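One structure below.
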Amino acid sequence: MADPVVPSSGALIPLGLDAVQLAPGFWGDRRALNQEVIIGHCLDWMDKLGWIGNFRGEPSRGREFADSEVYKLLEAMAWADDPRFADLESIVTQAQEADGYLNTRWKGARYTDFEWGHELYCFGHLIQAGVARWRRSGEGPLTDTARRAADHICRRFMDSGEVCGHPEVEMALVELYRITGTERYLEMARRFVERRGTPALADIEFGRAYFQDDMPVRDARVFRGHAVRAMYLACGAVDVAVETGDEALLSAVRAQWERTVAGRVYLTGGMGSRHAGEAIGDDHELPPDRAYSETCAAIGSLMLSHRLLLATGDPRYADLAERTLYNVIATSPALDGRSFFYANPLQVRVPGRLSDGVSLRAESALRAPWFSVSCCPNNLARTFASLPAYLATASSAGVQIHHLTPAEIRHDGLALRVETGYPWSGEVCVQILHAPSAARTISVRLPPWASEVDVIAPGAAVRRDPALLHVEKAWEPGDRIRVGLPLEPRWVFPDPRIDAVRGCAAIERGPIVYCAETAEEQLVEVDTAALPAEHDTDGLVELEVPATAVPPPPTGWPYGERQDRPGESLTVRLVPYHRWGNRGPVTMRVWLPARHT
């Protein structure tokens with residue numbers, strides 16, 4: 001199955017790239033942009049900067065984890081059937097040493113820095129690229145390289161007690177086990193998960209929590225530390241739990257997800273509120289202007305949500321995945337696919353500066369073509385390339401559609417065409433192209449904001465539970481299911497324990513979070529008693545809300561008695577958050593000071 005995650009058991013069966021074909025639409029367009037622009041953009045930059053040259057034996061360039069970026073790109077190319085794959089594969093595979101070791105930075109000083117060396121992290125991305133190639137096109141040089149690397153890891157680390165400072169290899173080894181059946185890969189992954197927090201790494205200025213090494217995975221109550229590391233470790237733990245039948249480990253990760261979502265996730269679905277350590281903050285520590293919300297952390301969150309959905313069937317995991325997809329992952333790349341956000345704050349006070357080179361600052365107020373640490377563009381490339389695999393699942397009852405976008409879905413004799421203008425339109429049509437004679441259930445996830453749903457399905461039995469619409473029938477070609485979701489704009493208000501945005505409000509419409517972007521910082525109070533007006537702008541929906549300008553204090557000192565002087569009435573134009581910053585340097589804010597009348 002051409003899918004990044006293929007568990008041997010679980011509540012739901014993944015449907016991979018062979019079963020799901022994206023059509024033009026919100027996500028189909030982005031996948032096409034990835035294949036036409038983003039993959040080539042990443043390839044050009046890594047060639048220009050010498051990161052690919054590292055594998056040719058040229059003088060070492062890039063950070064200690066630069067190899068992993070080449071592997072992510074190989075994975076993207078594998079999922080996308082990119083014709084440039086074979087050339088890059090040849091460059092990488094010839095650099096492997098006789099015993100299976102492969103790392104262009106540390107080959108002369110192997111395993112001398114587990115905290116920061118990233119050797120096993122790089123191996124993890126190499127193995128995932130090999131798995132992608134195997135599942136998409138069959139065995140070849142890269143799959144052989146991945147297996148030899150995994151065998152080297154097992155020989156070196158099975159009884160050593162060591163782990164990598166950056167989790168990643170755990171889920172890669174499990175996926176290689178799933179495709180080969182080689183038990184030692186699963187056992188190695190299990191040991192890496194169980195060793196963490198014993199502790200297995202040295203203490204650092206951020207504390208061992210940065211590595212998730214402050215306590216065993218099973219004992220943790222919430223995700224903490226470096227956000228990307230936290231997500232990748234949780235993914236590996238879920239994979240190990242599913243394959244070993246360890247319900248206690250799976251329950252521990254689910255409980256950590258619950259508490260994290262309850263107090264440590266941004267409205268956009270972003271994770272990571274601290275620039276120091278790129279870390280998840282404490283409960284309700286969610287400042288909008290200091291949000292780090294790294295693109296890679298969002299991708300890790302998507303990967304974790306998908307794994308938990310497959311394991312449990314609980315659609316709430318798909319709810320978070322949808323929020324993250326539309327409001328962080330779709331936000332990072334510019335509309336032309338040639339520049340990216342690394343961090344995704346919810347407020348920018350000072351317009352950034354345009355750049356056509358390598359950015360040294362991840363927290364730029366504008367997208368950059370490349371970064372000195374350029375994990376995010378390559379991570380986006382492999383995510384967009386494999387995106388159809390996240391769309392739908394199956395069970396013995398039928399097919400479940402978790403994310404609404406134009407597509408064709410085929411499974412077990414059932415062929416469906418999904419037609420929709422979502423997220424701008426709430427109208428969804430599922431047309432049956434082919435069906436077996438027996439009755440099948442087609443289920444559509446209903447987002448938590450969809451309180452009222454219109455359904456037309458002639459001759460079918462329709463049942464709704466709180467989060468899923470189930471439509472059952474012995475289908476015939478030409479049958480249709482029509483679903484109407486309410487997409488009215490709605491005001492949302494923060495938990496009062498989030499100090500940084502108390503007294504503010506934000507606007508959502510469907511799965512989209514909105515923001516105000518202006519040429520300069522302007523303080524206004526919005527009227528939350530008024531409903532925003534919708535404007536169709538080039539095929540997408542922008543909003544307009546009434547507001548009052550807040551006048552500055554009358555003196556040069558910013559503190560004093562409360563000023564209740566009336567301000568000028570005006571309207572504020574809001575754009576989808578994922579579109580901000582595409583029209584040049586601007587200020588931006590998602591949370592708007594609110595005037596409650």
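Residue numbers run from 1 in the order of the sequence given. This structure is a prediction, so every number in the text was calculated from the model and none was measured.
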side-chain contact (heavy atoms from CB on, under 4.5 Å) between M46 and L43: does it pass, once the steps are laid out? CA-CA 5 Å; M46 284 193 283; L43 180 63; 6.0 Å; no
Before you tell me yes or no, could you show the steps for S137 and F85 under side-chain contact (heavy atoms from CB on, under 4.5 Å), namely the whole-Å CA-CA distance, both residues' side-chain angles and the distance that decides it to 0.1 Å? CA-CA 11 Å; S137 306; F85 176 89; over 6 Å; no
From CA spacing to verdict: side-chain contact (heavy atoms from CB on, under 4.5 Å), T260, M271: CA-CA 9 Å; T260 301; M271 289 194 180; 4.2 Å; yes
List the steps and the verdict of side-chain contact (heavy atoms from CB on, under 4.5 Å) for L173 and D239. CA-CA 10 Å; L173 286 168; D239 288 339; over 6 Å; no
Any chance you could lay out the salt bridge (charged side-chain N to carboxylate O under 4.0 Å, His left out) test for R579 and E517, step after step, and finish with the verdict? CA-CA 10 Å; R579 301 273 295 203; E517 61 170 10; over 6 Å; no
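Ion pairing between a basic and an acidic side chain is recognised when a charged N comes within 4.0 Å of a carboxylate O; R110 and D99 show such pairing. Between E69 and K72 there is a salt bridge, with a side-chain nitrogen of the basic residue lying less than 4.0 Å from a carboxylate oxygen of the acidic one. Using a cutoff of 4.0 Å between basic side-chain nitrogens and carboxylate oxygens, D282 and R274 are scored as salt-bridged. In this structure, D289 pairs ionically with R349, as a charged nitrogen and a carboxylate oxygen lie closer than 4.0 Å. Using a cutoff of 4.0 Å between basic side-chain nitrogens and carboxylate oxygens, R323 and E508 are scored as salt-bridged. A salt bridge is absent between R191 and E194; no separation between the charged side-chain nitrogens and carboxylate oxygens falls under 4.0 Å.
Side-chain atoms of T331 come within 3.5 Å of backbone N or O of N327 as a donor-acceptor pair. At least one donor-acceptor pair closer than 3.5 Å links the side chain of N34 to the backbone N or O of A381. Side-chain atoms of D87 never come within 3.5 Å of backbone atoms of R84 as a donor-acceptor pair (strictly under, hydrogens ignored). With hydrogens and angles ignored, the 3.5 Å screen pairs no side-chain donor or acceptor of T324 with any backbone N or O of L302. Side chain of T104 to main chain of N54: no donor-acceptor pair is present (N/O by atom type, distance under 3.5 Å, no hydrogens or angles). Judged purely by atom type and a 3.5 angstrom limit, S305 uses its side chain to pair as donor or acceptor with the backbone of S301. Remark: side-chain polar atoms of R264 are paired, donor with acceptor, to backbone N or O of F223 under 3.5 angstrom. No donor-acceptor pair under 3.5 Å is formed between the side chain of R133 and the backbone N or O of L74. Of the possible donor and acceptor atoms, one in the side chain of D213 sits under 3.5 Å from a partner among the backbone N and O of A200. Proximity of a side-chain donor or acceptor of T143 to a complementary backbone N or O of G140 within less than 3.5 Å is detected.
Of the residues H125, H118, E119, the one that meets the side-chain hydrogen bond (donor to acceptor under 3.5 Å, both in side chains) test with Y121 is H125. None of F65, F211, W106 except one satisfies the ring pair (Phe, Tyr, Trp, His ring centres under 6.0 Å) rule with W116; the exception is F211. Results of the ring pair (Phe, Tyr, Trp, His ring centres under 6.0 Å) test with H226 over F206, Y210, Y292 single out Y210 as the only residue that passes.
Outside the 6.0 Å centre-distance limit, the rings of W45 and F371 are not counted as a close aromatic pair. Taking the centre of each ring, W591 and Y266 stay at or above the 6.0 Å mark. Aromatic rings of Y390 and W79 (six-membered ring for Trp) have centroids beyond the 6.0 Å cut-off, not under it. Centroid-to-centroid, the aromatic rings of W370 and Y342 stay 6.0 Å apart or farther. Between F26 and Y326, the distance separating the two ring centers is shorter than 6.0 angstrom. Between H402 and H306, the ring centre distance reaches or exceeds 6.0 Å.
Atoms CD and CG, on Q256 and D219 in that order, are 9.5 Å from each other to the nearest 0.5 Å. Between F192 atom CZ and L120 atom CG the span is 5.0 Å, to the nearest 0.5 Å. Once rounded to the nearest 0.5 Å, the distance linking CD1 of I127 with CG of L176 reads 6.0 Å. The NE2 atom of H166 sits 9.5 Å away from the SG atom of C122 when rounded to the nearest 0.5 Å. In this structure, OG1 in T145 is found 7.0 Å from CG in L126, a value given to the nearest 0.5 Å. Here the straight-line distance linking atom OG of S293 with atom CD of E278 works out to 11.5 Å at 0.5 Å rounding.
R178 places a side-chain heavy atom less than 4.5 Å from the side chain of E243. Here the side chains of S372 and R63 are not in contact, with every heavy-atom distance at 4.5 Å or above. Proximity of L17 to D3: side-chain heavy atoms (C-beta onward) are nowhere separated by under 4.5 Å. Taking the side chain as every heavy atom from C-beta outward, V253 and L304 approach each other to under 4.5 Å. You'll find the side chain of E175 stays beyond 4.5 Å of the side chain of Y185, heavy atoms only. Within the 4.5 Å cutoff, the side chain of R259 has heavy atoms near those of the D283 side chain. A 4.5 Å side-chain heavy-atom check between T587 and P351 finds at least one atom pair inside the cut-off. Here the side chains of V217 and Q212 are not in contact, with every heavy-atom distance at 4.5 Å or above.
Residues A500 and L286 approach most closely at CB-O, 4.3 Å, considering heavy atoms. What you find for P388 and R31 is that their closest heavy atoms are CD-NE, 3.5 Å. When all heavy atoms of L250 and A241 are compared, the closest pair comes out as N-CB, 3.7 Å. Between W27 and L325, the closest heavy-atom pair is CH2-O, 3.2 Å. Here the shortest heavy-atom pairing between V501 and P494 reads O-CG, 3.3 Å. Shown here for L267 and A506, the closest heavy-atom pair between the two residues is CD2-CB, 3.7 Å.
Residues S332 and N344 have side chains that never bring a donor and an acceptor to within less than 3.5 angstrom of each other.
Note on ring orientation: taking the six-membered ring where Trp is involved, the planes of W580 and F341 are parallel (angle under 30°, cut-offs 30° and 60°). The aromatic rings of F114 and F157 lie perpendicular to each other, with more than 60° between the two planes, well past the 30° mark.
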